[in-house]
Amino acid sequence: ARLPLALADSPLAASKLEPFLRDIDAARVAPIIGPEALHGTSLALAVDALLLPRRNGWSVLLPLRPPSGDRLRALDAEALRATLAGSGALLIDLKTELDKLYAHYLDEARLLSLGGFVAIVGLLGATLRSPRRVLQVIVPLLLAVLLVTAALRLAGVRLQLLHLVGMLLIVAVGSNYALFFDRLGGRLAGEPRTVASMLIAALTTAIGFGTLATSQVPVLQALGITVGPGAILALLLSACFAQPTPQA
């Protein structure tokens, strides 16, 4: 009945809309569409991802986005919660929740790393039985980590969990160099093969991780730019801190 009024100022002829009107009449008497009606269609996957069956009904997930003309402005989660208060709807701020989860995981990783560092210092103290020798091994590693961290920050790199993993690798690789120099003491000139082996090992590590630093994959790049220079710094600093071992 409203069709003639809608077409009053339109060049579209009413006869062109006959198939549309027939589809409307068929939809009015058709059964209600359920998820089973979409089985085998491309729409089924999207619907299944947004509908969660419950014992007493269904839960529907509705993604919220800013208006099309204001994509750069973030949604006000608190205002949305206030609007939905009492409606039974639950607002999940995915970004905030993921940020909290990541921050908790990063704090836990830092705590475990600190615990591992304390354990390493304890083992070195029990093995070397000399505070001076323990510092001789630990200080170069700490300086290598600090220098790499400072360089990354000055370069504008935002540190993340993978960089922490890279710093742990610096300590793991660099501890070998520091212990070698501690055992050699002042006899570097008398052990050319050992020194050459350490140089080759350090260069191999630096080349391997340096190649990763050029990768376009963020995971590999983060490890490469951290471990590559860190391994070389650990070797050089360990050599600088090496002192002759007192003879009995």
Side-chain angles (χ1 to χ4, degrees), residues 102-188 191 193-243 245:
Y102 180 79
H104 174 74
Y105 187 72
L106 186 58
D107 290 340
E108 186 177 0
R110 289 170 178 166
L111 181 62
L112 293 175
S113 300
L114 180 60
F117 176 75
V118 172
I120 291 174
V121 174
L123 290 174
L124 288 174
T127 303
L128 302 178
R129 300 182 181 278
S130 170
R132 180 187 64 81
R133 294 178 67 188
V134 172
L135 289 176
Q136 182 178 315
V137 172
I138 292 298
V139 170
L141 306 181
L142 293 179
L143 287 177
V145 170
L146 289 175
L147 289 174
V148 170
T149 303
L152 292 177
R153 291 298 297 160
L154 290 175
V157 177
R158 183 179 179 182
L159 299 181
Q160 52 179 305
L161 184 61
L162 294 173
H163 295 104
L164 177 60
V165 174
M167 293 172 192
L168 294 177
L169 288 174
I170 293 175
V171 174
V173 174
S175 61
N176 295 320
Y177 307 148
L179 288 172
F180 267 120
F181 281 112
D182 175 73
R183 292 300 178 91
L184 287 174
R187 304 189 305 277
L188 296 179
E191 299 288 345
R193 292 185 177 181
T194 302
V195 175
S197 297
M198 284 192 296
L199 289 175
I200 293 174
L203 288 175
T204 302
T205 303
I207 291 172
F209 282 96
T211 304
L212 295 181
T214 63
S215 173
Q216 299 299 319
V217 180
V219 175
L220 301 179
Q221 186 184 57
L223 293 177
I225 62 177
T226 306
V227 183
I232 297 297
L233 285 174
L235 176 66
L236 297 177
L237 291 171
S238 297
C240 292
F241 278 83
Q243 297 181 8
T245 302

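In what follows, every heavy atom counts, from backbone to side chain, and hydrogens, waters and symmetry copies are set aside.
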Task: Heavy-atom closest pair, residues Gln221 and Ala213 - done: CG-O, 3.4 Å
Open item on the list: My understanding is that only residues two or more places apart in sequence, or in another chain, count here; which of them pass side chain to side chain contact (heavy atoms under 4.5 Å, CB included) with Leu147?
Closed with: Leu233, Leu237
Open item on the list: Are Ile170 and Val148 packed together at the side-chain level, in the sense that at least one heavy-atom pair is separated by less than 4.5 angstrom?
Closed with: yes
Open item on the list: Rounded to the nearest 0.5 Å, what separates atom CD1 in Ile225 from atom CG in Leu220?
Closed with: 11.5 Å
TODO: Answer whether the closest heavy-atom distance between the side chains of Leu162 and Thr226 falls below 4.5 Å.
DONE: no
Task: Distance, nearest 0.5 Å, that separates CD1 of Ile207 from CG of Leu212 - done: 12.5 Å
Task: Residue list, side chain to side chain contact (heavy atoms under 4.5 Å, CB included) with Tyr105, at least two apart or on another chain - done: Leu161
Open item on the list: Any heavy-atom pair between the side chains of Leu142 and Phe117 that's under 4.5 Å?
Closed with: yes
Task: Where Gly166 and Val227 come nearest, the two heavy atoms and their spacing - done: O-CG2, 3.5 Å
Open item on the list: Nearest 0.5 Å, please: how far is OG in Ser238 from CZ in Phe180?
Closed with: 11.5 Å
Task: Spacing of Gln136 atom CD and Leu179 atom CG [to the nearest 0.5 Å] - done: 10.0 Å
TODO: Could you grab the distance from atom CE of Met167 to atom CG of Leu152, nearest 0.5 Å is fine?
DONE: 6.0 Å
Open item on the list: Using the side chain to side chain contact (heavy atoms under 4.5 Å, CB included) criterion, which residues pair with Ala202? Sequence neighbours excluded.
Closed with: Tyr177, Ile232, Leu235
Task: Flag side-chain contact, heavy atom, 4.5 Å: Leu168 against Ser113 - done: yes
- [ ] For Ile200 and Thr204, work out which heavy atoms get closest and say how close.
- [x] O-OG1, 2.7 Å
- [ ] Show the numbers, then the answer: is there a side-chain contact (heavy atoms from CB on, under 4.5 Å) between Val157 and His163?
- [x] CA-CA 10 Å; Val157 177; His163 295 104; 3.7 Å; yes
TODO: Output all residues satisfying side chain to side chain contact (heavy atoms under 4.5 Å, CB included) with Leu112, sequence neighbours left out; order by chain, then residue number.
DONE: Glu108
- [ ] May I have all residue pairs that pass salt bridge (Lys or Arg N to Asp or Glu O under 4.0 Å) and include part of residues 156-173, sequence neighbours excluded?
- [x] none
- [ ] Indicate yes or no: at least one non-hydrogen side-chain atom of Leu143 is less than 4.5 angstrom from one of Phe241.
- [x] yes
Open item on the list: Test your reading of the model: is there a side-chain donor-acceptor pair from Thr214 to the backbone of Thr211, 3.5 Å cut-off?
Closed with: yes
Open item on the list: I need the minimum non-hydrogen distance between Ala144 and Ala234, along with the two atoms involved.
Closed with: CB-N, 3.9 Å
TODO: Sequence neighbours left out, what passes salt bridge (charged side-chain N to carboxylate O under 4.0 Å, His left out) with Arg110? Give chain and number order.
DONE: Asp107
Task: Side-chain (Ser175) to main-chain (Ala172) donor-acceptor, under 3.5 angstrom - done: yes
- [ ] Enter the distance from Ile138:CD1 to Leu135:CG here, rounded to the nearest 0.5 Å.
- [x] 8.5 Å
Open item on the list: Could you tell me if the side chain of Arg153 sits less than 4.5 Å from the side chain of Leu159, heavy atoms only?
Closed with: yes
